[in-house]
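Each ligand, and each atom within it, is numbered from 1 in the order the structure gives.
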Amino acid sequence: MKKQRIAVAYSGGLDTSVIVKWLQEKYNADIITVTGNLGQKKELIGVDRKAYKTGAKRAYIVDLQKEFVYDYIFPALKAGALYEHTYPMATSLGRPLLAKSLAEVAIRERCTAVAHGCTGKGNDQVRFEASIAALAPELKVLAPLREWEFKSREEEIAYCEKHGIPVTATKENPYSIDENIWGTSIECGVLEDPMIEPPADAYQRTVAPKDAPDKPTYVTIEFKEGVPVGLNGAKMDGIALIHALNDIAGRNGVGRLDLVENRLVGIKSREIYEAPAALTLHFAHRELERLTLDKEVSHYKAKVAHDYADLIYNGLWFTPLRHSLDAFINETQKTVNGIVKVKLYKGNLDIAGRTSPNSLYDTKLATYTAEDSYDHKASEGFIKIFSLPMKTYYRVNKNGLKKKKRLVKK
Ligand code: ARG
């Protein structure tokens, strides 16, 4: 019988290392590992070597940065998608792309199954498996963490030692960390108590606001059709721009979030996030939209943003609804052009200026000076018609205020 081939989403960490060996033994399979580069700081050099040492037949490292930034991150930015009004979803956006990349390799390598290292109580398993179901339903999905015998890290480490799997012997990190160019997600350890303030060592890529520079840093961000294209006057591609902004904002203590959130799988969890560039870009983009979007579009888009965020969080990236919402959002972004000046100071973001060729702000209409061109007289008729329904309702049902009640008591 031909040997089975399984493609494994591989990070090189403890769980996915154990998965490689465990699947190989359990299914007598050839293992192909796939590691995606989503712009994480963690070095990917050597990950393939480690995979081979662990027993992989082939090890892929796929550079997904450009696709991640332009086809996942920027659509979410244009949508203004923040889960529960807060979280810019670095992890949630990365999963469908990692799943897609895994499926592509699996098909090329004639695998019959793929495997991931997500746990049975998280959102990531849903994002992964729903994406595979949409893109490559013929692939079987294996989730070893939901079924294997190991009950602790120690048991996994013992398994590695028994099988000669290289385990990076660093001091045990008390946190579970997921990281990419759009942000870092940190949970577990003492963070599981929502009453405990995160210790300093929980933060991976931002300076504590109190240690940030005493002088504010100003940045200008240029947008074209809702997409950031320039930083501080220099044109930049998306990847470079996000990396640069992560550094600048992170140095100023900007980007930290502490969130109790509602998982798709029914539980509340507490997570710390660091997303310096993501929060700065969402802030600047929103400010530019205030200037350039028509009132009705702006108000309607806020509802779409809410739904779009839920859809990303819940693993529904590859759906007709997401494509349809993209069409709406892209239409709204045609006039979101211009430059936003942001002040970064000890963890805070402030608007310092905005300008746009598509600005709907008309000084002649807004001014209280002699330049005023607004038709004040037209207001009278407008208010008469505008208030007609309430006038009618109160006359019929409430009688307004009784005449004598209007008199001040002596
Ligand atoms: N709660 C976030 C989400 O569902 C992040 C999950 C992964 N977090 C982690 N620390 N490994 O998108």
Side-chain angles (χ1 to χ4, degrees), residues 9-19 35-36 38-42 68 72-73 75-77 79 81-100 116-131 143-146 153 156 170 172-194 196 198-199 201-206 255-276 278-279 282 305-318 322:
Y10 178 76
S11 70
L14 181 61
D15 284 339
T16 55
S17 295
V18 174
I19 286 175
T35 308
L38 295 179
Q40 56 270 49
K41 278 236 167 74
K42 203 181 131 214
F68 189 40
Y72 293 71
I73 289 173
L77 174 65
L82 295 169
Y83 185 62
E84 299 188 333
H85 302 291
T86 311
Y87 163 44
M89 297 186 289
T91 299
S92 333
L93 283 162
R95 297 309 165 187
L97 177 53
L98 289 174
K100 176 171 170 265
H116 63 69
C118 309
T119 75
K121 61 191 294 186
N123 300 309
D124 287 333
Q125 53 177 342
V126 183
R127 297 168 185 151
F128 235 103
E129 293 177 36
S131 300
L145 266 74
R146 290 200 297 243
R153 265 182 89 84
E156 288 182 49
T170 49
E172 202 196 309
N173 192 323
Y175 309 111
S176 158
I177 298 170
D178 181 63
E179 185 222 337
N180 63 46
I181 190 172
W182 202 228
T184 304
S185 308
I186 309 131
E187 61 179 352
C188 298
V190 293
L191 302 174
E192 285 181 359
D193 182 345
I196 289 185
D201 74 349
Y203 294 102
Q204 314 293 317
R205 64 196 294 171
T206 54
R256 295 182 169 192
L257 297 169
D258 177 342
L259 181 65
V260 172
E261 73 195 42
N262 291 294
R263 279 193 196 163
L264 174 60
V265 290
I267 46 183
K268 283 193 191 290
S269 64
R270 191 274 192 105
E271 188 125 18
I272 304 306
Y273 296 105
E274 291 175 283
L279 293 192
H282 269 286
H306 184 265
D307 290 346
Y308 200 95
D310 279 0
L311 180 152
I312 294 171
Y313 190 85
N314 293 337
L316 301 173
W317 185 257
F318 297 111
R322 202 264 302 168

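Residue contact annotation: Tyr87 has a non-hydrogen atom under 4.0 Å from ligand 1.
When only modelled atom types and interatomic distance are considered, Asp178 and Thr91 share a side-chain donor-acceptor pair under 3.5 Å. Counting only N and O atoms by type, the side chains of Gln204 and Thr184 include no donor and acceptor under 3.5 Å apart. Side-chain contact check for Glu187 and Tyr273: no donor-acceptor pair (N or O, by modelled atom type) lies under 3.5 Å.
Counting atoms of ligand 1 from 1 in the listed order, those under 4.0 Å from a heavy atom of Tyr273 are 1 (N), 2 (C). Every atom of ligand 1 is numbered from 1 in the order shown, and the set under 4.0 Å from a heavy atom of Ser176 is 9 (C), 10 (N), 11 (N).
At least one test fails for Arg95 against the ring of Tyr72: distance under 6.0 Å to the centre or angle within 45° of the axis. Annotation: cation-pi geometry satisfied between Arg256 and Tyr203 (NZ/CZ under 6.0 angstrom from ring centroid, within 45° of ring axis).
Ligand 1 has no nitrogen or oxygen under 3.5 angstrom from a nitrogen or oxygen of Asp124.
By heavy-atom distance, the residue among Glu179, Arg127, Arg263 lying nearest atom 3 (C) of ligand 1 is Arg127. Relative to atom 1 (N) of ligand 1, the option among Glu261, Glu187, Arg270 with the closest non-hydrogen atom is Glu261.
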- Task: For the pair Trp182 and Phe68, evaluate ring-ring contact (aromatic ring centres under 6.0 Å, His included) and give the outcome as yes or no after the intermediate values.
- Result: CA-CA 9 Å; Trp182 202 228; Phe68 189 40; 8.1 Å; no
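Closest protein heavy atom to atom 9 (C) of ligand 1: Glu271 OE2, 3.3 Å.
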